[in-house]
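Both counts, for ligands and for their atoms, begin at 1 and track the order of listing. Computed from a predicted structure; not experimentally measured.
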Amino acid sequence: MSLSPNLVLRRLYSNVSTKVCAQKYVLTKYFQGEPKKSDFKIVEEDLHELKDGEILTEAEYLSVDPYMRAYMIGYKLPTDMIGGQVAKVIDSKDKNIPIGTYVCGAFGWRTHTIINGESALNKSLDLPITVLPDLNPYPVSLALGILGMPGNTAYFGLKEICQPKEGETIVITGAAGAVGSHVGQIGKILGCRVIGFAGTDEKCEYLEKELNFDRAFNYKKCNIRAALKDGAPNRVDCYFDNVGGEISSTILSQMNQYGRIAVCGSISSYNDTAPPKALIVQPALVFKELKMEGFIVNRWTDRWQEGIDMNLKWLKEGKLNYREKVYHGFENMVDALVGILRGENTGKAVVKIK
Ligand code: NDP
């Protein structure tokens, strides 16, 4: 990965020994319903002095994502809270990663992190840690959104699982969120008819007026079947499912033969304490010979940069638009996580730390 020349001109690495006290969130109770502040402890952690080959980063933006609500049940407590962040290198004993560089990685909900530079750039890690190119005039927080994990989820999930063809109809749930709003825009770039479902009239207006969706419906107010008849008169070829549940069963029943369904998530059930029930989907799958496939974006770790490069190209060409919901302060991480689960965000939600 190449670094921008003005970064290289800065101090290459530091001989100054640094001792920093980091703050981090530790999950001490499994979530029941909505996450609560009392499920966490904020803990201080003394970091060791930098050794050769290591870098010290300071978080500028932390990400809040729905998977955080769904995944923590798989961890033994107490455990450090997981999550992506964009951080600035504030000290470095790695000559390839100078002070001032921005990196993006899954360091968790914490303010400062020490990483071994070489392993940081090792693509065999779960999700690659990336050194950000110069994103000016765009904010570095985009590395947590359209130029990061959600952007790649949209790019690979739509292209590889749904494989839409020009002129086909794509339906997206969770359509105004980080992934959904991006999927719809790629659908338009590929020449498809794009229909979105989102939770407020304002979000639907944004999708139609600013993101060029053909139609958007407020799923809290509309009859889903009637909305599909109206918005997708040629029925549905591709369904990008962010929410699961009853709405997804209804959409599956309105698909064309050989339709493809990318199952990205099921946020409608993440806060539920008992497993929800939805209409049976097998008849639609059988009679319309549908292909339904779940995926996790890590599947394309080896092609990570391809997604980021393509999204950056579309952004620069004016073909991709974005919105961010910015929360403020390390102490407000839980409010931000609850906020996205309640639908406060349009586009990607991030927390500005510095
Ligand atoms: P979003 O930015 O879309 O934020 C979550 C949104 O979900 C809210 O804004 C809200 O919007 C909507 N929502 C909340 N509750 C419900 C509900 N009961 N029914 C329908 N919609 C609801 O999040 P992301 O774009 O980051 O993630 C979208 C989905 O993709 C999630 O399911 C997530 O788990 C999944 N995901 C999967 C990945 C993978 O690798 N498979 C990677 C990244 C994300 P509204 O106002 O419209 O209700």
Side-chain angles (χ1 to χ4, degrees), residues 33-35 62-73 82-84 106 126-127 141 144-146 148-158 160-162 171-186 195-207 211 213 216-222 224 239-251 261-272 276 278 292-301 303-304 307 322-327 336-351:
E34 280 189 343
L62 298 194
S63 187
V64 278
D65 299 86
Y67 75 83
M68 293 167 178
R69 173 63 185 85
Y71 274 33
M72 298 317 294
I73 192 74
I82 57 174
D126 237 16
L127 271 190
S141 52
L144 298 172
I146 58 170
M149 186 278 284
N152 275 0
T153 304
Y155 176 81
F156 291 112
L158 182 67
E160 301 296 327
I161 309 286
C162 284
V171 169
I172 304 153
T173 45
V179 175
S181 60
H182 196 143
V183 170
Q185 294 184 82
I186 298 178
I195 312 301
F197 286 96
T200 67
D201 292 345
E202 292 72 28
K203 289 183 183 188
C204 292
E205 194 177 323
Y206 166 68
L207 294 177
L211 300 191
F213 278 48
F217 298 95
N218 182 342
Y219 70 88
K220 291 180 180 163
K221 284 186 177 171
C222 74
I224 305 298
Y239 172 39
F240 197 99
D241 184 2
N242 282 315
V243 306
E246 196 64 46
I247 185 171
S248 293
S249 300
T250 305
I251 293 166
I261 301 117
V263 183
C264 179
S266 55
I267 194 167
S268 69
S269 67
Y270 291 173
N271 276 334
D272 286 353
M292 185 170 185
E293 185 175 350
F295 72 94
I296 295 176
V297 67
N298 304 27
R299 190 192 297 193
W300 296 282
T301 300
R303 291 171 60 191
W304 203 248
Y322 69 89
R323 265 200 200 170
E324 289 182 317
K325 165 80 184 167
V326 183
Y327 295 85
L337 178 58
V338 170
I340 59 162
L341 297 169
R342 288 183 185 171
E344 285 176 4
N345 62 307
T346 298
K348 177 71 185 112
V350 293
V351 182

If the criterion is any heavy atom closer than 4.0 Å to an atom of ligand 1, which residues make the list? P66, M149, T153, G177, A178, V179, A198, G199, K203, Y219, N242, V243, C264, G265, S266, I267, S268, Y270, F295, I296, V297, I340, L341, G343, N345, G347

Considering residues at least two apart in sequence or located in another chain, which fulfil the ring-ring contact (aromatic ring centres under 6.0 Å, His included) criterion with F217? F197

Quick one: side-chain hydrogen bond (donor to acceptor under 3.5 Å, both in side chains) pairs with a partner in residues 338-350, sequence neighbours left out? E34-R342, S63-K348, D65-K348, Y327-E344

Please check: side-chain N/O of [X] versus main-chain N/O of [Y], any donor-acceptor pairing under 3.5 Å?
X: R69; Y: V338; result: no
X: T200; Y: K203; result: yes
X: K325; Y: G339; result: no

By side-chain hydrogen bond (donor to acceptor under 3.5 Å, both in side chains), D241 pairs with (sequence neighbours left out) Y239, S248

